[in-house]
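Written below as structure tokens is the structure these notes are about.
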Amino acid sequence: MPDPLHARGPLSPSACSYDHGGIRITDMSGRQVAGVALLGGDRAALDATVRQAWGVDLPDTPRIVAGSGLTFAWAGPDQWLALSDAVDDSGPDLEHVLRTTLGPLAAVTDQGDSRVALRISGPGSRDALSRLLPIDLHPRAFSPGNTALTLAGHIGVQVWQVDSCPTYDILVFRSFARSLHHDLCAAARGAARAA
Amino acid sequence: MRITCPCCGERGLDEFSYRGDATLSRPAGDPPLPGAGAEAWAEYVYLRDNPSGPHRELWYHGAGCRSWLVVTRNTRTHEILDTERAVNVVRATRKDAEA
Ligand SMILES: [Zn+2]
């Protein structure tokens, strides 16, 4: 009798929670992610359809915009990532929704098995994240709604600020999630010691 | 060295990779189609100038927005004089050629 296969998260269950010294690190891997790319298509038509369906304008600068039921994150020129609001994989299939709504206007690819979101939140999270990211996270340079594609150590990430708590979400390739989680926890401990 | 990406802003060198001379233009007609001779192709593929001073170079923002950039860099000082998206440079060149 073969052993049944069970889906496992990108982080080991014991590694999932970190909550010390005013910094909380959370696994957001249930969130659905899909890529949307114009690929030389009609931008005006895409804008109009997105505005009608979700009530937002696709950003042309490194920003995230929250629409009804999903969030679009700028991910390069004429490229975006769409993220579901639900973090537990419960909502409708994001890729299917985008594909049926956008039709031939954009290339839609499911990124849910590729990328994982981690969240770092709390008063010390800016200090902790600053130890990993080479970009300026000071509020005058990076505030809620801003996003950046960059490196956390040697790991490629997309980060955005959610609120001024501050809370940041970090999107990382799934196979790097454990490494990044480990780095985030180490940075959080270091920041707490230095505070 | 830091490069200001037109899409992402100022970033460190480790986010970019150098992708060659941006001043080259591909000879007409891919072999074996008729077009430029072997000499022009050899020059395009193998021969590079080694300028002292401002130089136009291709850089790829692989750890950022994944854009190809044309960076004007002073090879003596590493000063970055200008950065534009390569796709816009190509579009502008095509427009000039059509005009
Ligand atoms: Zn860039």
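The chains referred to below are lettered A, B, ... by the order of the sequence lines, with proteins before strands, and numbering in each begins at 1.
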Sidechain N-carboxylate O distance under 4.0 Å for A/D27, A/R119: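 So A/D27 does not pair with A/R119 through a salt bridge.
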Ion pair check, B/E15 and B/R2, cut-off under 4.0 Å: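 So B/E15 does not pair with B/R2 through a salt bridge.
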Under 4.5 Å from any heavy atom of chain B - which part of A/I135: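 The side chain, not the backbone.
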Toward chain B, the part of A/Q158 with a non-hydrogen atom under 4.5 Å: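 For A/Q158, there is no contact with chain B at all, as no heavy atom is under 4.5 Å.
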A/Y168 and A/F142 aromatic ring geometry - parallel, tilted or perpendicular at 30°/60° bounds: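 Judged by the thresholds at 30° and 60°, the geometry between A/F142 and A/Y168 is parallel.
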Choice from B/H61, B/E10, B/R85, B/R11 maximising heavy atom contacts with chain A below 4.5 Å: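 Top option by heavy-atom pairs under 4.5 Å: B/R11.
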Winner by heavy-atom pair count (cut-off under 4.5 Å) against chain B, out of A/G156, A/P77, A/P134: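 Among the listed options, the one with the most contacts to chain B is A/P77.
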NE2-CG distance between A/H182 and A/L11, expressed to the nearest 0.5 angstrom: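 Output value for this atom pair is 12.5 Å.
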